[in-house]
2 protein chains.
Amino acid sequence: MRLPEHIGIIPDGNRRWAVINGMTKDKGYEIGIDPGLFLFKLCQKEGVKEITFYGFTTDNTKRPAEQRVAFTEACINAVKLLSKEDASLLVVGNTESTMFPKELLPYTKRKIFGKGGIKVNFLVNYGWQWDLNYLKKADEKNKNITNNIMSNDISRVDLIIRWGGRRRLSGFLPVQSIYADFYVIDDYWPSFKPQHFYDALKWYDDQDVTLGG
Amino acid sequence: MRLPEHIGIIPDGNRRWAVINGMTKDKGYEIGIDPGLFLFKLCQKEGVKEITFYGFTTDNTKRPAEQRVAFTEACINAVKLLSKEDASLLVVGNTESTMFPKELLPYTKRKIFGKGGIKVNFLVNYGWQWDLNYLKKADEKNKNITNNIMSNDISRVDLIIRWGGRRRLSGFLPVQSIYADFYVIDDYWPSFKPQHFYDALKWYDDQDVTLGG
């Protein structure tokens, strides 16, 4: 089986899940933490080398305050849980904004936890403009893009899995996603099942890799 | 009905179509010209304001020479046909490379043909690196991205329609595609049917627009 080396995760549908379960929208985020840890462990078990979680973006921070507080809290807790695992962990996002939770500042340099192994990137207050604006500091003569964006420690993504039925990137790592295969699951993220992950891997196995060639 | 203002078209599957029809791969491109003109006219009729065709990318030029010659020729002919219509036409791509056909140089400045109207962009020897490298020339203090990439005359894409079953961007306008909804048709591009287009519009109508918010 051809396994993706790097999987991007867009865990969408938390608010819609909360609403259909009779809760206010902000209650949908906390329930998304356990699925994230579960999925991390499945990736680890299957030998995936790198995984990037879409925590929240600068666009997302325009949502109502109680939602913003709730998803920020969920990201803090998720990163703390991941730091108890065997992983090489990095939080990527704009730390110069007040929207960046200071609890996560210690994670903005890649650090080995436990025995290390799988690379885990967690986008927190990530913005595609913020990411690409770093190119303006680069030397014009250097034609490389991937080393000159803010998220340069995140590799090319092979497979993006998005929950919640939307078929779009919503600002997720535009440069690393350029050749990524995009798999969409209609279920909302809090309804995560291992089968989703294995269905995505099976689908990916049927795709070819051309890198545009 | 909520209509996309700007549709991106990835007309993939020409080579696979040629092979299953007993031809060599390079024969699949010419047959893709008429569907392009047909789709252009449908967009015009339905009131779509802008359409961008994925002609070929710098990645694609690494293919065998007879294929490269064939898709380049098809792009030249397609642009010439479009220039006989009512449209505001622009060819976008790296003209400094020998892979850029000199026949299309006159189209690299936007020009009104006939009565004008719909904006049509045609990517010819387009490269995402080429597009983003232009950011290195911009002033660091200017935080805008979209005005400072080479393809700055191409607007944000609302809906991308890709033929040929692959669910990936393959280097198509990474900045303009950041919030785009992505609709995939399994049929190969030379088997284009108007129903494909109307199915995509219907699907798009069911999506919401959040721009990441």
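In what follows, chains carry the letters A, B, and so on, assigned in the order in which the sequence lines appear, proteins first and then strands, with residues in each chain numbered from 1. Source: prediction; values computed, not measured.
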Testing the basics here: between B:K143 and A:K136, what is the closest heavy-atom pair and its distance to 0.1 Å?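 Heavy-atom minimum between the residues: C-NZ, 3.6 Å.
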Crowding at CD, A:E30 (>12 non-hydrogen neighbours, <6.0 Å):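 It does not: A:E30 CD has 12 such atoms or fewer within range.
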Check the surroundings of atom CD in A:Q207: do more than 12 heavy atoms from other residues, nucleotides or ligands lie under 6.0 Å from it?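 Correct, the count exceeds 12.
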Which bit of B:W203 is near chain A, if near means a heavy-atom gap under 4.5 Å: side chain, backbone, both or neither?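 For B:W203, the side chain is the part near chain A, not the backbone.
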Is B:T146 close to chain A through its backbone or its side chain, or both, or neither, when contacts mean heavy atoms under 4.5 Å?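 Contact with chain A involves the side chain of B:T146 alone.
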Kindly compute the distance separating [atom1] ([X]) from [atom2] ([Y]), expressed to the nearest 0.5 Å.
X	Y	atom1	atom2	value
B:E140	A:Y134	CD	OH	9.5 Å
A:N133	B:I145	CG	CD1	4.0 Å
A:L169	B:L169	CG	CG	6.0 Å

Output, in order, the C-alpha distance, side-chain angles, deciding distance and verdict of side chain to side chain contact (heavy atoms under 4.5 Å, CB included) for A:I178 and B:F172. CA-CA 8 Å; A:I178 275 169; B:F172 182 79; over 6 Å; no
Going by side chain to side chain contact (heavy atoms under 4.5 Å, CB included), name the residues that satisfy it together with B:I20, two or more places apart in sequence or in a different chain.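 B:I20 satisfies side chain to side chain contact (heavy atoms under 4.5 Å, CB included) with B:Y188 once adjacent residues are dropped.
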Non-hydrogen atoms of chain B under 4.5 Å away: do they reach the side chain of A:A138, the backbone, both or neither?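 Contact with chain B: backbone and side chain both.
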Does any backbone or side-chain atom of A:D208 lie under 4.5 Å from a heavy atom of chain B? Answer side chain, backbone, both or neither.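 Its backbone and side chain both get close to chain B.
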Going by the angle between their ring planes, with limits at 30° and 60°, are B:F182 and A:F182 parallel, tilted or perpendicular?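 Tilted, since the angle between the ring planes falls between 30° and 60°.
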Whether B:R168 and A:D181 form a salt bridge (side-chain N of Lys/Arg under 4.0 Å from carboxylate O of Asp/Glu) is what I want to check.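 Yes, charged N to carboxylate O under 4.0 Å.
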Closest-packed option against chain A by number of heavy-atom pairs under 4.5 Å, given B:N148, B:N144, B:I160: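 So the answer, after comparing B:N148, B:N144, B:I160, is B:N144.
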